[in-house]
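Proteins come first, then strands; the chains are lettered A, B, ... in the order of their sequence lines, and each starts at number 1.
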Amino acid sequence: MNFIIQGTLKAIKELYNTDISEEAIALQETRKEFEGQITIVTFPLTRISKKTPEQTGNDLGEYLKNTLPEVTGFNVIKGFLNISVSDNFWLHLFTSSILQPTYGQFPKNGQKVMVEYSSPNTNKPLHLGHVRNNLLGYSVAQILDANGYDVIKANLVNDRGIHICKSMLAWQLFGNNETPETNNLKGDHLVGKYYVLFDKEYKKQIEELKEAGQTEEDAKKNAPLIRKAQEMLLLWEAGDAEVISLWKKMNAWVYAGFSSTYKKLGVDFDKFYYESDTYLLGKDIIDEGLEKGVFFSKPDGSVWIDLTADGLDEKLVLRADGTSVYITQDLGTAQLKYDDFKMDQSIYVVGNEQDYHFKVLFLILEKLGKVWAKGLYHLSYGMVDLPSGKMKSREGTVVDADDLVDEMIATARTRTEELGKVEGFSDEEKQSLYEMIGLGALKYFLLKVEPKKRLLFDPNESIDFQGNTGPFIQYTHARICSVLAKGLYENAKKSDYAPALTNVERDLIVLQSKYPEIIEASAQDHSPALIANYIFELAKLYNKFYHEEPILKADDLQIKEFRLALSKATATILKKGMKLLGIEVPDKM
RNA sequence: GUUCCCGUAGUUCAAUGGAUAGAAUUAUGGUUUCCGGUACCAUCGAUAUGAGUUCGAAUCUCGUCGGGAACACCA
């Protein structure tokens, strides 16, 4: 709506002899109860005009109407100037822009951005929390791509540490050489089973030691199992052949399991980093920091940074014995990633319980004078709650990712079969449809909420296909496809529409014209939710249009072709938008 | 204790500081023609609380109350 802004600037210059910036003009969509499509808020301008909001609105409206051919009328209500734009303008916008194949795809902007997400531990299968992380990361990557960035999807796998040793040890002790093949169990689930078993046996030992008179604290340290796990970690770090080989074997099981879950979820990565490769990094950054005086040593040899001036604490960055802590590795890994790709931005998709960690991490890198530090961003998201309360693996209230996906697909099947609309589908077509619907429901449900907000996942409700859901949008798309097929859209003439627009038609074009702004805003805010809510609005409005205006039975051939084109444009936006959420839409369902 | 995030209809979510706070769901009632009724239309229903800033506050500031999280020589 740039021509309105420019026109208004000119108006203000001529009427009030003042120059103002574009940002000073507040444009918004006209509320549907009023006449017009675009509204200017006049309150901020009254300082310049020295008139009442009403008079200012009238002055501007009159000026715009007289100077801009696209402006056909206006009204001023309580200081809001509502502008009517000609149908010709909207039709032209529709054919020259909205209907074009590249609509909503921005040209390359020459910027490179890394999105790191998923980042699983290799000691247990993925659960609902990871699902939110994966969907969010993947979707944000898609959105950035649509905005013209070069995107690198990265996954930093946490494949070492005491927690990994726990499942290894438990398998060694109790596993009887069980493998995914012998037991027909997905590798990550098998390893997770032993992680749980470790915890169970460990607790038993703690109880025994407590009964023998030890304090809880001592018991936790002295239990033979934890001691053995620690020994194993030392052996791993020393490169012990047997431990390494066990570690490789079990990790391979887990990776096979993860890769099948990723595939099911439809997410992928361009670059994997492994903590087993990176956990020793960061020491040189410590040296650098000491040299620059950003860090300081304590008498025992440990290295710290004082962030109290920034409202944070003193933070340890290297232990007295010279070994790394979590943040040491992260400093090193950040440098490694930058050296590898020289990206302009780097986005970490990590839960909000690590807000403090990332604040510290980024601040340290800035203080070290890393020019790329300003491109770092923590995409923090809220926890996923269940109606029963918080997910706790120990209490068995954790929702497993694979189970969840399977359940969604099964429900999609049941629902679809009940409706009996898949006659004539082959078995493969049916299966692929059920997957599209089940996953669409799940993904849409998790992505329609603003990332930073906590989210309540009700398994029963998520499977509801009514209302603001993925399947509703998928259905709308399928219905449009059906109309287009019947109307032989492909053969229809595709330009020179000149009908007088009905209200819904105009509303539809106006809404469609907002799509690029939404794509931009969702990248800016790192929020797929904006797109989800937008395409839902669009689907709803299309249904209203569909209900009110005949398409195939329109009296006039030109009108019919125009309405088909309008339908086609809607379907395309729905499809593109859903794709940015990682959701496929069927042509038939 | 300190810091951070969040409080909007019964429920789940919206609202670049702008008009009478929108949807979805639930409940109730309705849809001559109809291209796919998983649709459409209508009614009921909310900004936790007290101040402040502003022409104008759900939104910004401060306090109170409520929910969550972080502040480890764990990762």
Side-chain angles (χ1 to χ4, degrees), chain A residues 23 26-28 30-34 39 41-44 46-47 52-53 77-80 82 121 158 160-163 275 279 298 300 302-304 311-313 315-321 323-327 329-330 351-357 359-360 380 382-383 385 387 390 415-416 418-419 421 437 445 448-450 452-458 461-462 464-469 471-476 478-487 517 521 524-525 529-530 532-533 536-537 539-540 542-554 560 563-564 567 588-589:
Chain A
E23 294 79 51
L27 277 197
Q28 55 186 276
T30 303
R31 297 183 66 127
K32 58 178 175 287
E33 60 266 41
F34 304 114
T39 294
V41 185
T42 63
F43 294 98
T46 53
R47 271 193 212 107
T52 66
I77 295 165
K78 289 159 87 180
F80 292 85
N82 302 320
N121 291 341
N158 185 347
R160 67 161 286 280
I162 189 76
H163 51 294
E275 278 200 21
Y279 79 107
K298 288 200 174 174
D300 66 358
S302 58
V303 181
W304 298 73
L312 304 173
D313 306 296
K315 184 85 186 170
L316 176 89
V317 292
L318 195 72
R319 292 193 187 100
D321 63 7
T323 58
S324 307
V325 288
Y326 179 38
I327 201 151
Q329 315 176 23
D330 264 10
N352 64 4
E353 68 274 11
Q354 294 204 35
D355 284 355
Y356 183 78
H357 171 76
K359 218 188 231 176
V360 172
S380 163
M383 194 170 295
D385 287 312
K390 204 175 152 177
R415 294 288 308 234
T416 309
E418 274 169 16
L419 290 161
K421 289 197 175 156
I437 298 176
F445 194 92
K448 74 177 178 189
V449 181
E450 201 61 38
K452 77 173 171 185
K453 291 204 175 177
R454 288 182 80 113
L455 139 71
L456 182 77
F457 184 81
D458 184 334
E461 236 182 77
S462 73
D464 200 343
F465 291 166
Q466 315 277 334
N468 188 358
T469 66
F472 169 78
I473 293 160
Q474 289 172 323
Y475 171 75
T476 304
R479 184 199 236 181
I480 296 174
C481 287
S482 162
V483 174
L484 292 176
K486 285 202 178 127
E517 296 166 33
Q524 195 68 41
D525 298 356
L530 293 178
N533 288 314
F536 174 59
E537 286 299 317
K540 260 195 319 186
Y542 181 83
N543 279 326
K544 187 186 163 100
F545 160 75
Y546 176 87
H547 188 256
E548 286 181 11
E549 313 289 357
I551 300 168
L552 300 180
K553 297 189 177 173
K560 173 180 160 183
R563 288 185 181 157
L564 280 171
S567 301
K588 288 189 297 181
M589 66 186 277

Sort out the partner of B:rA75 for me: Watson-Crick or G-U wobble, both distances under 3.5 Å, none otherwise.
-> none
Which part of the nucleic acid, if any, lies within contact of A:A521, taking any heavy atom under 4.0 Å across all strands shown: a base, the sugar-phosphate backbone alone, or nothing?
-> nothing
For A:E517, report the nucleic acid contact type (base, sugar-phosphate, nothing); a contact means any heavy atom under 4.0 Å.
-> nothing
How far does OH of A:Y475 sit from CD1 of A:I437, to the nearest 0.5 angstrom?
-> 12.0 Å
Across all strands, who's sitting opposite B:rU61 as a Watson-Crick or G-U wobble pair, both distances under 3.5 Å?
-> B:rA51
Expressed as a whole number of Å, how far does the C1' atom of B:rG1 sit from that of B:rU26?
-> 44 Å
Using a cut-off of 4.0 Å on non-hydrogen atoms, how would the nucleic acid contact of A:N121 be classed: base, sugar-phosphate, or nothing?
-> nothing
Could you tell me whether A:P471 contacts a base, only the sugar-phosphate backbone, or nothing, with contacts defined as non-hydrogen atoms closer than 4.0 Å?
-> nothing
Return the value, rounded to whole Å, for the distance between atom NZ of A:K453 and atom C1' of B:rG68.
-> 14 Å
Counterpart base for B:rG17, defined by Watson-Crick or G-U wobble contacts under 3.5 Å | none
Within the structure shown, what part of the strands sits under 4.0 Å from A:Q474 by heavy-atom distance: base, sugar-phosphate, or nothing?
-> nothing
Every protein N/O lying under 3.5 Å from an N/O of nucleotides 20-24 of chain B:
| from | atom 1 | to | atom 2 | distance (Å) |
| --- | --- | --- | --- | --- |
| B:rU20 | OP1 | A:K78 | NZ | 2.5 |
| B:rG22 | OP1 | A:R31 | NH2 | 3.3 |
| B:rA23 | O3' | A:K540 | NZ | 3.3 |
| B:rA23 | O2' | A:K540 | NZ | 2.8 |
| B:rA24 | O2' | A:N468 | N | 3.2 |

With respect to A:T39, which candidate in A:L27, A:N82, A:I77 satisfies the side chain to side chain contact (heavy atoms under 4.5 Å, CB included) definition?
-> A:N82
When all nucleic acid strands are considered with a 4.0 Å heavy-atom cut-off, which category describes A:P53: base, sugar-phosphate, or nothing?
-> nothing
Identified pairing partner of B:rU25, criterion: Watson-Crick or G-U wobble below 3.5 Å = B:rG10
How is A:E548 classified with respect to the nucleic acid when contacts are heavy atoms under 4.0 Å: base, sugar-phosphate, or nothing?
-> nothing
Which part of the nucleic acid, if any, lies within reach of A:A529 when heavy atoms closer than 4.0 Å are counted: base, sugar-phosphate only, or nothing?
-> nothing
Hey, which sits more toward the 5' end of RNA chain B by its nearest nucleotide, A:G161 or A:N352?
-> A:N352
In Watson-Crick or G-U wobble terms, both distances under 3.5 Å, what is the partner of B:rU2?
-> B:rA70
Which part of the nucleic acid, if any, lies within contact of A:T476, taking any heavy atom under 4.0 Å across all strands shown: a base, the sugar-phosphate backbone alone, or nothing?
-> nothing
NA contact type, A:F472, heavy-atom cut-off 4.0 Å: base, sugar-phosphate, or nothing?
-> sugar-phosphate
Between B:rC34 (C1') and A:R563 (CZ): distance, integer Å | 13 Å
Remember a base hit wins even if backbone is also touched, and classify A:V449 as base, sugar-phosphate or nothing at under 4.0 Å, heavy atoms.
-> sugar-phosphate
If we require ring centres under 5.5 Å and near-parallel planes under 30°, does A:F80 stack on B:rA19?
-> yes
Mind checking A:L455 for me? I need base, sugar-phosphate or nothing, with any heavy atom below 4.0 Å counting as a touch.
-> sugar-phosphate
Have a look at A:L456 and say if it touches a base, only the backbone sugar-phosphate, or nothing, with a 4.0 Å heavy-atom cut-off.
-> sugar-phosphate
Are A:F545 and A:Y542 close enough that their ring centers fall under 6.0 Å?
-> yes
Watson-Crick or G-U wobble mate for B:rC40, both contacts under 3.5 Å | B:rG30
